[in-house]
Amino acid sequence: MSITENVHKLLEEVPKTNKYGEPVSLVAAVKTQTPEAINEAIAAGITEIADNHVQEFRDKYDAIQGNPSRQFIGHLQTNKIKYLIGKVDLYHSVDRMELAQDLSSRSVKAGVVSEILIQINAGNQETKGGFDAAEAEDAVKAIAALPGLRIRGLMAMLPFTDDETVLRPLARQMRGLFDTIRAYMPDFDYLSMGMSGDWKLCIEEGSNMVRIGTAIFGPRNYNA
Ligand SMILES: *Cc1c(COP(=O)(O)O)cnc(C)c1O
């Protein structure tokens, strides 16, 4: 199937709203993809794209057409923040306090407010970054006090498994955490959770933003 066909299929399959009636965002994860491939996805109806690497984000920036929302989902080194300030519509991957502090001060200096999600390491996987669920509330409160940032919600990294008995309770726990924090955080709108293999389950459990790469572009070729 072509990229265009994949996007059309997803736009049909991904529900417009989740069970809470919240709109569901379909974000294309574009790491390793060429501007041509990304532009095909946008022409087919994708309105939000997300990169993992600062270098790729910069290299492709001017070649992207159609004015999509541009987001960042990768591990961000603090010395690279300067290349992104003012250009990223939503940072999904604020995964540590030092990054939040630097992103805030750089944003203030540039006269912008950066919109962010707090990345949660669901299930405390050793190989993944992010705050533990147990420290999420303290992190949100501390980061909410920083002047250059506006916290819009949570991004959850779930384990790479297709075992529903592992994924479903974690996804449900993330939605619970999201609801708990949203009760006192006014701008808390997004729960970014779900990728090509598990987006259906995640939306069923209350995600309202899914990040999809492979199901749009096919398997990634890291050697290209
Ligand atoms: C690559 C990536 C995705 C998309 O993964 P697919 O399985 O290809 O859909 C989602 N989120 C993050 C953080 C990623 O790095």
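Read the numbers this way: they start at 1 and go in the same order the structure lists the ligands and their atoms. Quick caveat, the model's predicted, so the values are computed rather than measured.
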**Report entry** Backbone N/O of T4 and side chain of K9: donor-acceptor pair under 3.5 Å
**Finding:** no
Can you list the ligand 1 atoms lying under 4.0 Å from a non-hydrogen atom of [X]?
{"X": "N52", "answer": "14 (C), 15 (O)"}
{"X": "T214", "answer": "6 (P), 7 (O), 8 (O), 9 (O)"}
{"X": "I212", "answer": "9 (O)"}

Closest protein heavy atom (residue, atom, distance) for [atom]:
{"atom": "atom 1 (C) of ligand 1", "result": "K31 NZ, 1.2 Å"}
{"atom": "atom 11 (N) of ligand 1", "result": "R211 NE, 2.9 Å"}
{"atom": "atom 13 (C) of ligand 1", "result": "I73 O, 3.6 Å"}
{"atom": "atom 5 (O) of ligand 1", "result": "M195 CE, 3.7 Å"}
{"atom": "atom 9 (O) of ligand 1", "result": "S196 OG, 2.5 Å"}

Query raised in the report: Any N or O on G213 sitting closer than 3.5 Å to an N or O of ligand 1?
Result: yes
Query raised in the report: Given that the side chain starts at C-beta and the backbone is N, CA, C, O, which of these parts of A29 lies under 4.0 Å from ligand 1, counting heavy atoms, or is it both or neither?
Result: side chain
Query raised in the report: Can you tell me how far CD1 of I120 sits from CD1 of I181, rounded to the nearest 0.5 angstrom?
Result: 6.5 Å
Query - Distance (rounded to the nearest 0.5 Å) between K141 NZ and M185 CE - result: 10.5 Å
Query raised in the report: Could you walk me through whether Y91 and L84 pass the side-chain contact (heavy atoms from CB on, under 4.5 Å) check?
Result: CA-CA 10 Å; Y91 297 84; L84 298 182; 3.7 Å; yes
Requested in this report: Examine ligand 1 and decide if any of its atoms is less than 4.0 Å from a heavy atom belonging to R220.
Outcome: yes
Query raised in the report: Is R175 salt-bridged to E205, going by a charged N under 4.0 Å from an acidic O?
Result: no
**Report entry** Close side-chain approach of M209 to L90, heavy-atom, < 4.5 Å
**Finding:** yes
Query - Shortest non-hydrogen separation from P159 to L167 and the atoms involved - result: O-CD2, 3.6 Å
Query raised in the report: Where is the tightest heavy-atom contact between W199 and I212, given as atom of each residue plus distance?
Result: CD1-CD1, 3.5 Å
